[in-house]
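A short worksheet on the structure shown next.
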Amino acid sequence: MKTDVLKVERAEVDEDRRTIERAVQSEYKYGFVSDLETDEAPKGLNEDTIRFISGKKNEPQWMLDWRLRAYQLWLKMEEPLWANVKFEPIDYQDIIYYSAPKQKISLNSLDEIDPELRRTFEKLGISLDEQKRLSGVAVDAVIDSVSIATTYKEQLAELGIIFCSMSEAIQEHPALVQKYLGSVVPVTDNYYAALNSAVFSDGSFVFIPKDVRCPMELSTYFRINAENTGQFERTLIVCEDKSYVSYLEGCTAPMRDENQLHAAVVELVALDNAEIKYSTVQNWYPGDKEGKGGIYNFVTKRGICKGINSKISWTQVETGSAITWKYPSVILKGDNSIGEFYSVAVTNNHQQADTGTKMMHIGKNTRSRIVSKGISAGFSNNSYRGLVHIGKTALNARNFSQCDSLLLGDKCGAHTFPYIEVKNQSAMVEHEATTSKIGEDQIFYCNQRGINTETAVALIINGFAREVMSQLPMEFAVEAQKLLAISLEGSVG
Amino acid sequence: MLSIRNLHAAIDGKAILKGINLDIRPGEVHAIMGPNGSGKSTLAAVLSGRADFEVTDGTVDFLGKNILELSPEDRAGEGIFLAFQYPVEIPGLTTTNFIKTAVNEVRKYRGEAPLDAVQFLKIMKEKMALMNMDQSLLSRPLNEGFSGGEKKRNEIFQMAMLQPKLAILDETDSGLDIDAIRTVSNGVNTLRNKENAVLVVTHYQRLLDYIVPDFVHVLYNGRIVKSGTKELAFVLEERGYDFIKNAVNEGQEA
């Protein structure tokens with residue numbers, strides 16, 4: 001293992017390995033399609049599409065105006081091309097921007113959910129039945145463009161916590177939505193964020209009032225089902241003074257030959273002494289082993305530590321998607337605030353990932369910690385891209401970054417692009433990076449102890465990713481470990 | 001229990017083992033000695049199923065099975081254990097997790113139920129005491145940052161946990177001071193019984209002061225050129241490997 005400090009590095013593998021070779025794609029477990037009757041917008045994007053979406057949701061005028069403004073701005077913007085990924089240009093007129101499973105307009109209880117929908121979520125291991133659910137986790141289930149159900153709403157409401165779909169929040173809590181929507185990721189932030197602002201259809205809204213620690217994990221489960229559909233969800237989490245929430249999102253999609261676009265925006269706001277822990281287990285369909293199909297996961301996630309002593313922590317386990325373009329970031333505005341980013345990104349076959357974070361230090365004594373673990377196999381390309389910015393006002397800011405890459409086989413690539421901008425001399429910024437390979441020696445050592453190669457790879461991978469996996473909520477850590485092993489199945493043979 | 005007949009093996013087309021014959025019965029300790037490059041470690045690697053080596057001729061029968069047809073993990077399941085000369089590090093994987101997985105995989109192979117956490121912990125504590133191991137090693141990543149002595153002790157600890165029928169110790173004494181040799185040997189001796197056997201691969205005689213062999217074989221240029229009892233090791237220690245080499249090169253029995 002070698003350690004390089006402050007160096008952009010690129011590691012390609014040499015060709016002398018016998019045991020470790022590229023191999024077969026494992027089965028994607030969530031690739032089924034549910035037969036749901038849907039209500040769709042016509043293909044393509046123009047002002048009418050946006051009016052259609054807004055109309056479907058019976059939105060107030062201010063929301064429609066916001067969308068239309070975003071659309072006008074988007075028309076003038078250009079797709080970012082700086083990421084280390086390659087793909088054919090997206091035809092934005094060939095996408096369906098709104099698709100909703102048909103069901104009764106309003107549900108009186110969770111029992112009224114369409115049985116086919118319920119089965120879909122059960123197949124995914126998500127029970128919408130509160131009694132049967134893993135206790136202590138509330139779920140918002142989003143399929144294609146709409147939220148299907150949210151569990152535990154009443155119990156949470158007793159504490160003043162709002163956990164509902166974004167559509168409902170726009171109707172029921174317009175003041176909060178108007179105050180915070182777009183306050184962290186402005187409409188013009190980037191091409192995909194602008195697109196999302198114009199056409200977003202649903203997502204989750206969380207509000208934790210002052211002095212409340214949310215007593216259970218909140219989670220949203222995203223599923224793309226319909227063909228030719230893009231998913232554009234919008235999530236907003238606001239934590240008032242001295243409040244706390246731990247939130248988790250999971251995602252899957254059917255196996256399809258064409259690429260599908262997923263362009264989400266997530267905004268987090270933490271006020272004085274508040275803490276938000278946001279975890280993602282991303283398992284969108286990655287495409288087949290030749291690189292056909294799969295989700296383009298172009299996502300903007302950002303949180304602001306607005307208040308003093310606040311904390312935002314991102315944890316992500318990224319195993320799916322054909323292409324991932326995503327940089328969950330933290331603006332450290334409040335003095336003494338803390339930003340964290342823990343990431344495991346796995347790419348296999350022809351997957352491409354360009355992911356990392358931005359830590360923007362503004363307040364005094366702000367601290368950030370970045371731990372990124374990239375695992376590449378097959379013909380994939382896995383890049384870490386991160387920015388640590390220490391502003392003029394950020395007295396005594398601290399950052400520590402650790403970026404490790406693990407390579408399986410000799411056809412994949414691992415890349416690290418750390419950017420550091422320091423405008424205050426009191427700052428202390430550390431960056432460490434390593435690149436290693438799973439050795440034949442390691443696998444043989446496990447084999448000799450009776451452990452087969454698949455299990456050996458899983459052990460080695462989980463060891464490599466341990467620091468990040470240990471950040472996940474208990475309920476999901478085991479699942480995520482299995483997911484890592486499944487994503488790499490057959491990549492060592 | 002182990003019967004090696006006319007074993008030939010090569011790496012990258014280069015012949016290393018050139019007709020090994022060896023029989024090991026339950027309860028016996030055999031030592032393989034020989035100068036550097038004679039093929040000692042290759043023999044250990046071939047028996048445990050390392051893929052770098054190609055077996056070009058011969059058979060290896062272990063308890064009635066042709067193990068050359070088995071994968072390394074299945075050989076481990078059958079009861080073959082290799083204590084590595086250079087134990088491998090696996091960052092982030094705790095020693096406990098590794099050993100628990102190994103023990104349960106081997107149990108699965110043998111059709112036994114996996115040990116639960118409580119049972120496993122109890123056995124682990126017993127074996128740790130035997131090897132005089134520091135408990136903190138078990139929560140540390142496998143072999144990462146371990147000293148040479150700790151790594152070798154960890155090998156024998158794993159042997160104690162897996163209870164193999166045939167343990168192959170590949171240069172287990174290399175890099176160890178005398179106290180560590182004593183601890184490691186003590187561990188091996190405690191694990192010996194009438195049903196299992198040990199094959200000690202070593203360059204030096206000193207390990208054999210502690211793990212006393214029933215038979216000593218001298219390997220030179222890919223063949224066993226001389227076999228004897230433990231006294232043969234003393235002769236080698238006194239006269240060096242040169243007298244064997246000379247004897248072989250002159251075409252006569254040493």
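This is a predicted model, so every value here is computed, not measured. Chain naming here is simple, since letters A, B, ... match the order of the sequence lines and numbering starts at 1 in each.
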Where does B:Pro87 contact chain A at under 4.5 Å (heavy atoms): side chain, backbone, both or neither? both

Could you check whether B:Asp57 pairs with B:Lys18 (Lys NZ or Arg NE/NH1/NH2 to Asp/Glu carboxylate O, under 4.0 Å)? no

What residue, out of B:Gly49, B:Gly77, B:Ala76, B:Ser71, has the most heavy-atom pairs lying under 4.5 Å from chain A? B:Ala76

Sub-4.5 Å side-chain heavy-atom contact between B:Glu89 and B:Pro141: no

Using non-hydrogen atoms only, which part of A:Arg466 is less than 4.5 Å away from chain B: side chain, backbone, both, or neither? side chain

Under 4.5 Å from a heavy atom of chain A, the part of B:Leu162 involved: side chain

Contacts with chain A made by residues 98-121 of chain B (heavy-atom distance under 4.5 Å), listed by residue number: B:Phe98, B:Thr101, B:Ala102, B:Glu105, B:Val106

Consider only side-chain N and O atoms of A:Thr355 and A:Gln316, and report whether a donor and an acceptor are under 3.5 Å apart. yes

Can A:Lys311 and A:Glu340 be counted as an ion pair, charged N to O under 4.0 angstrom? yes

Side chains of A:Ser380 and A:Gln351: do they bring a donor and an acceptor to under 3.5 Å? no

Region of B:Arg50 in contact with chain A, defined by heavy-atom distances below 4.5 Å: both

Value for CD (B:Glu155) from NZ (B:Lys152), rounded to nearest 0.5 Å, stands at 8.0 Å

Please name the residue in the list B:Leu82, B:Ile67, B:Leu43, B:Leu166 that meets the side chain to side chain contact (heavy atoms under 4.5 Å, CB included) test with B:Ser48. B:Leu82

With no hydrogens and no angle check, is any side-chain donor or acceptor of A:Thr416 less than 3.5 Å from a backbone partner on A:Tyr384? no

